[in-house]
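Each chain gets a letter, A, B and so on, in the order the sequences are listed, and its residues count up from 1.
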2 protein chains.
Amino acid sequence: MMYSIVETLKKNQLSITDSRKKILELFVRSKGALAHADIEHESGTEFDRVTIYRTLQTFVEKGIIHTIPTADNSVRYALCKDACAGGHHHDDHVHFMCDDCGTTYCLDNISVPKLSLPDGFTISQTDVVVSGKCRKCRS
Amino acid sequence: MMYSIVETLKKNQLSITDSRKKILELFVRSKGALAHADIEHESGTEFDRVTIYRTLQTFVEKGIIHTIPTADNSVRYALCKDACAGGHHHDDHVHFMCDDCGTTYCLDNISVPKLSLPDGFTISQTDVVVSGKCRKCRS
DNA sequence: TATGCCAATGCAACAATGTTGCAAAATATT
DNA sequence: AATATTTTGCAACATTGTTGCATTGGCATA
């Protein structure tokens, strides 16, 4: 069962504001991951750039969205699975980034393999980013 | 067998310049990965910022260094294994980034697991970034 | 080793991205 | 409805990355 945008914000003890509603809605509607620039572009001049930065920061802290590591220079964010069901979770899924169109997908079905590191290293998180061509861009 | 800095540059058909020698030397001496800012800091005011950007770009194109994906906002570069032996190679190893000190290690011994993606996706590259505490920072 | 070509550098100017402090406005609380 | 708290927008600034162009320096050739 899905919670609404507003309920998600409430669950995370965040004030209900226009920017938060709109930005969270963008994530819900978007299939892929979003970069700051995408959001700024989609929401037009409605919100200040700073507001978007701070909103993203807040969402990350609350576990509503998570960052995706990329080899190019862009930070991308994606909804945490079950974020709208109120649960935090570890980001144990694989990300796919299309070389052509740049779209980033969360491949929720593929779990990150367990790795054994050298002695002395402890693991807090494992990110897997696969690059290649997505369904739409292979010709 | 290791080639010298100069020989590595020659092998890649690059002119031998002060900046290239110095920057490549930094990578050889460094255990971990370097960000642009690290290099700018280490080399002082000796080289222009633009020169460092262009040198890194060139090294990446020649396969001497590779970028490491990160979830924070920094692009990091590391020597390609065997770069000084003249061989290109696929980046099929795991990267580790310490949450505390930020040092990034190439774990050359751990190979990236093969993944099977959904139909329609083709893989060109797989990056694995593990976060946690490194040997030095675990207390 | 001197000459000339081509590649690389430095500079300047600019664009994009991210951060901070603070007053004003919106939201939540009573 | 009044007050307290949070969030926003603005301004100013810092960092990061890019581009064009004149100058410098490396390298091949004679």
Side-chain angles (χ1 to χ4, degrees), chain A residues 4-27 33-62 64-77 102 104, chain B residues 4-27 33-62 64-77 102 104:
Chain A
S4 72
I5 304 271
V6 169
E7 280 166 17
T8 303
L9 292 174
K10 277 189 187 164
K11 279 220 167 272
N12 286 283
Q13 300 173 15
L14 295 172
S15 311
I16 314 299
T17 67
D18 285 350
S19 59
R20 284 176 183 163
K21 276 190 288 184
K22 185 90 169 233
I23 292 173
L24 183 49
E25 200 189 344
L26 277 180
F27 276 106
L34 298 174
H36 173 96
D38 298 325
I39 296 165
E40 199 175 342
H41 193 256
E42 297 252 1
S43 62
T45 57
E46 195 171 352
F47 310 115
D48 196 84
R49 235 157 35 82
V50 179
T51 301
I52 299 176
Y53 278 114
R54 290 197 266 228
T55 302
L56 290 173
Q57 218 169 282
T58 305
F59 284 178
V60 169
E61 281 161 12
K62 293 293 184 178
I64 299 172
I65 60 177
H66 64 275
T67 59
I68 300 177
T70 56
D72 67 351
N73 193 34
S74 66
V75 189
R76 283 155 192 274
Y77 302 87
T104 303
Chain B
S4 72
I5 304 269
V6 169
E7 281 165 17
T8 302
L9 292 174
K10 277 188 186 164
K11 280 218 168 273
N12 286 283
Q13 302 173 14
L14 295 172
S15 314
I16 314 300
T17 66
D18 285 350
S19 59
R20 285 177 181 161
K21 277 190 286 185
K22 185 87 170 236
I23 291 173
L24 184 49
E25 201 188 344
L26 276 180
F27 276 105
L34 298 174
H36 172 96
D38 298 326
I39 297 165
E40 199 175 343
H41 192 255
E42 296 252 2
S43 62
T45 56
E46 195 171 352
F47 308 115
D48 196 83
R49 232 158 37 84
V50 178
T51 301
I52 298 176
Y53 279 114
R54 290 198 266 229
T55 303
L56 290 173
Q57 218 168 280
T58 304
F59 284 176
V60 169
E61 280 162 13
K62 293 292 184 179
I64 299 173
I65 61 177
H66 64 275
T67 60
I68 300 177
T70 57
D72 68 352
N73 193 33
S74 67
V75 189
R76 282 154 193 274
Y77 302 88
T104 303

Separation of C:dG10 P from B:F47 CZ (nearest whole Å)
7 Å

By the 4.0 Å heavy-atom rule, please label B:T58 as base, sugar-phosphate, or nothing.
nothing

Rounded to whole Å, how long is the line connecting atom CG of A:D38 with atom C1' of C:dT17?
14 Å

Distance check, rounded to the nearest 0.5 Å: B:I65 atom CD1 versus B:L56 atom CG?
5.0 Å

How many angstroms lie between CZ in A:R49 and OG in A:S43, if you round to the nearest 0.5 Å?
12.0 Å

Report the nucleotide, chosen from D:dG9, C:dG18, D:dT8, that has the shortest atom-to-atom distance to any side-chain atom of A:D48.
D:dG9

Would you mind telling me which of D:dT18, D:dT8, D:dC21 lies closest to the side-chain atoms of B:R54?
D:dC21

Distance from A:I23 atom CD1 to A:I5 atom CD1, nearest 0.5 Å?
11.5 Å

dist A:D38:CG -> A:S74:OG (nearest 0.5 Å) comes out at 8.5 Å

What is the separation between atom CG on A:L9 and atom P on C:dT27, rounded to the nearest whole Å?
12 Å

I need the B:I39 CD1 to B:H41 NE2 distance, nearest 0.5 Å.
13.0 Å

What is the nucleic acid contact for A:R20, judged by heavy atoms within less than 4.0 Å: base, sugar-phosphate only, or nothing?
sugar-phosphate

With axes from five pairs an end, tell me the bend angle of the helix from C:dT1-D:dA30 to C:dT30-D:dA1, nearest 10°.
40°

In whole Å, I'd like the distance from the CD atom of A:E40 to the P atom of D:dG9.
12 Å

Flag side-chain contact, heavy atom, 4.5 Å: A:K22 against A:D18:
no

For A:F59, run the side-chain contact (heavy atoms from CB on, under 4.5 Å) check against A:N12, A:L14, A:T8 and tell me which one passes.
A:L14

Whole angstroms only, please: what is the OH-P distance between B:Y53 and C:dC14?
18 Å

Let's test your reading of the model: under 3.5 Å, does the base of C:dG18 pair with the side chain of A:R49 as donor and acceptor?
yes

Just the rounded figure in Å: distance from P of C:dA7 to CD of B:E61.
14 Å

Taking CD from A:Q57 and C1' from D:dT6, how many angstroms apart are they, rounded to a whole number?
15 Å

Using a cutoff of under 3.5 Å, can you pull out all pairs of nitrogen or oxygen atoms linking the protein to nucleotides 23-30 of chain D, with atom names and distances?
residue: D:dC27; atom: OP1; partner: B:I16; partner atom: N; Å: 2.8

Distance col, row B:L9:CG vs B:I16:CD1, nearest 0.5 angstrom, shows 4.5 Å

With the side chain counted from C-beta on, respond yes when B:R20 and B:T58 share a heavy-atom pair under 4.5 Å apart, and no when they do not.
yes

Just the rounded figure in Å: distance from P of C:dT19 to CD1 of A:I52.
14 Å

Take A:E46 and B:H36, find for each the nucleotide of DNA chain D with the closest heavy atom, and name the residue whose nucleotide sits nearer the 5' end.
A:E46

Would one find a side-chain N or O of B:S19 under 4.0 angstrom from OP1 or OP2 of C:dA8?
no

Just wondering, do B:V75 and B:H36 contact through their side chains at under 4.5 Å, heavy atoms?
no

